[in-house]
Protein chains: 2
Amino acid sequence: MTGDAEPGAVDESPGGAADGGPDDSWAEVVPEAARRLLLAAVEAFAERGFHATTTRDIASRAGMSPAALYIHYRTKEELLHQISRIGHERSVRVLTEADDSATGAPERLAAAVRAFVRWHAERHTTARVVQYELGALAGDHYTEIVALRRRSEEILRGILADGVATGEFTVEDIRGTAVAVLSLCVDVARWFRTGGPRTPEEIGDLYAGLVLRMVGSPAAPGGGPGVAGRG
Amino acid sequence: MTGDAEPGAVDESPGGAADGGPDDSWAEVVPEAARRLLLAAVEAFAERGFHATTTRDIASRAGMSPAALYIHYRTKEELLHQISRIGHERSVRVLTEADDSATGAPERLAAAVRAFVRWHAERHTTARVVQYELGALAGDHYTEIVALRRRSEEILRGILADGVATGEFTVEDIRGTAVAVLSLCVDVARWFRTGGPRTPEEIGDLYAGLVLRMVGSPAAPGGGPGVAGRG
DNA sequence: GTCTATAGAGCGATAGAC
DNA sequence: GTCTATCGCTCTATAGAC
């Protein structure tokens with residue numbers, strides 16, 4: 001697929017993010033000019049929002065003329081669609097891989113939350129666009145992305161249901177709690193600032209602990225229900 | 001102040017929201033035409049975002065000509081500023097009054113979260129604009145609103161600190177936990193839909209319970225640390 | 001594949017009649 | 001205080017040279 005990809009295409013072959021390397025390079029977007037434009041769009045959309053960003057601003061950030069954008073993308077919205085699609089695929093993969101990396105519901109939940117939060121803090125520029133500019137997508141693109149988002153909810157609901165089944169979690173409303181946990185993690189992208197008092201790792205650890213407590217897990221730091229306070 | 005208020009002014013006299021009546025009528029905004037425009041702007045901004053909303057759309061929703069908007073507001077941004085200011089004052093008041101209505105850190109925390117979440121669900125249209133269109137405010141207006149927002153954080157930090165001092169809460173990072181709790185509550189405005197499976201009251205109750213658990217309170221439903229699981 | 005130039009549409013805001 | 005009409009500008013997207 002490398003070499004003959006059409007402009008703005010995605011190259012999933014080794015060497016890109018697919019091999020587990022740093023995923024903020026957008027290396028899978030080829031050719032290089034399309035990647036530069038996409039990176040410029042991510043920054044502009046995150047800073048000012050989709051509607052307040054002009055195609056001139058994007059092109060200028062990428063060091064190109066206003067017209068150059070239309071060689072690689074049909075419309076401004078297509079640029080947002082690419083960012084949104086790739087970003088959602090990445091965030092769902094982060095969640096899935098963290099879930100698969102651990103055994104036991106509390107360990108899986110902690111790993112998932114830690115990784116998901118870290119991603120939203122470290123990649124907060126991308127995440128802000130991915131999570132908060134959804135509404136600017138065209139109808140069919142919006143539908144496609146919403147389907148991707150549903151995966152995150154299913155993964156989390158699965159972990160909660162498993163923990164309840166084994167008695168490790170005490171959760172009355174699994175669906176509602178899953179929404180709350182996801183909402184908590186996702187919103188990190190809104191308030192996180194690089195150079196703030198906490199690193200993405202620290203926030204990930206803090207949040208993993210908070211969420212274990214939310215689900216009534218005895219594995220929570222400081223001891224969960226029925227564990228701490230004894231003796 | 002009633003009667004001779006300049007266009008787009010705010011009337012805090014009895015009969016408006018200040019007396020505890022329903023606060024979505026924006027009754028304190030006078031004259032009536034200014035209120036209709038403001039309500040139309042809230043709906044339009046919530047639906048499409050500030051930058052995607054045209055002044056023609058706002059005026060048309062209010063049943064007026066495009067020019068009528070400028071009799072009551074100097075610019076489109078001033079409309080957002082009014083919404084943002086009044087909305088923030090209301091949400092901070094909801095939080096303050098809930099805090100004052102209860103005694104004891106767990107009770108205060110539960111009341112604050114329940115009321116704050118209920119407000120963000122019930123008034124999700126206003127809340128969406130208030131919480132997610134901040135970035136479109138002009139520089140000095142932005143600074144003013146950020147100062148209002150700080151109050152919410154101080155209130156919450158105060159409750160957490162009190163609970164830690166009395167030993168009712170187990171919280172290592174008060175600042176970080178306060179940010180997390182506020183983030184959780186505020187984000188309700190993003191995902192809440194009228195007609196969904198849960199009422200604002202139900203979400204408020206669910207969230208109050210989740211937050212009590214987050215802070216390690218024994219008053220949490222299902223029993224907190226050192227309470228549930230015994231016997 | 002990138003440029004300069006510009007078409008064509010829609011925007012925020014204003015002028016002036018009533 | 002509200003209207004109709006419109007100014008002046010900026011935007012997305014395209015045309016055509018190189």
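Just so we're on the same page: letters track the sequence lines, and every chain starts at 1. The analysis underlying the following values was restricted to heavy atoms, covering all of them including side chains, and did not include hydrogens, waters or symmetry mates.
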| task | Return the value, rounded to whole Å, for the distance between atom CG of B:Leu80 and atom C1' of C:dG12. | result | 15 Å
| Nucleotide D:dC3, atom P - distance to CG of B:Leu69 in whole Å | 11 Å
| task | Determine: side-chain N/O of A:His72 to OP1/OP2 of C:dT2, distance under 4.0 Å, yes or no. | result | yes
| query | What pairs with B:His124 under side-chain contact (heavy atoms from CB on, under 4.5 Å), at least two apart in sequence or on another chain? | reply | B:Arg128, B:Phe192, B:Thr194
| request: Give one of base, sugar-phosphate or nothing for A:Ala68, where a contact means two heavy atoms less than 4.0 Å apart. | output: sugar-phosphate
| query | Within the pair A:Ser65 and C:dT2, is there a side-chain N or O less than 4.0 Å away from OP1 or OP2? | reply | no
| request: Specify the separation, in whole Å, of atom CZ of A:Arg35 and atom P of C:dG1. | output: 14 Å
| field | Cationic N near anionic O, under 4.0 Å, B:Arg198 to A:Asp173 | value | yes
| task | Report yes if at least one side-chain N or O of B:Tyr70 is closer than 4.0 Å to OP1 or OP2 of C:dA13; otherwise report no. | result | yes
| field | Proximity to the side chain of B:Ala33 - top-ranked nucleotide from D:dT2, D:dA5, C:dT4 | value | D:dT2
| message | I need the CZ-P distance between B:Arg56 and D:dC3, as an integer number of Å. | response | 14 Å
| request: Evaluate the ring planes of A:Tyr207 and A:Trp191, with Trp represented by its six-membered ring, and classify them as parallel (under 30°), tilted (30 to 60°) or perpendicular (over 60°). | output: tilted
| message | Taking side-chain contact (heavy atoms from CB on, under 4.5 Å) as the definition, give me every residue that meets it alongside A:Ala59, ordered by chain and number, with sequence neighbours left out. | response | none
| request: To the nearest Å, give me how far apart CD (B:Glu77) and P (C:dG12) are. | output: 13 Å
| field | Atom-pair distance (CG on B:Leu79; P on C:dC11), nearest Å | value | 16 Å
| query | Honestly, is A:Arg90 close enough over A:Trp26, meaning NZ or CZ under 6.0 Å from the six-membered ring centre and within 45° of the axis? | reply | yes
| remark: Regarding the side chain of B:Met64, the nearest nucleotide among C:dG12, D:dC3, D:dA13 is D:dC3
| request: Whole angstrom is fine here: how far is it from OH in A:Tyr73 over to P in D:dT14? | output: 16 Å
| Atom-pair distance (CZ on B:Phe50; P on C:dG12), nearest Å | 8 Å
| Which nucleotide in the list C:dC11, D:dT14, D:dC11 gets nearest to the side chain of A:Ala67? | D:dT14
| remark: Picking from C:dT4, D:dG1, C:dT2, the nucleotide nearest the side-chain atoms of B:Ile71 would be D:dG1
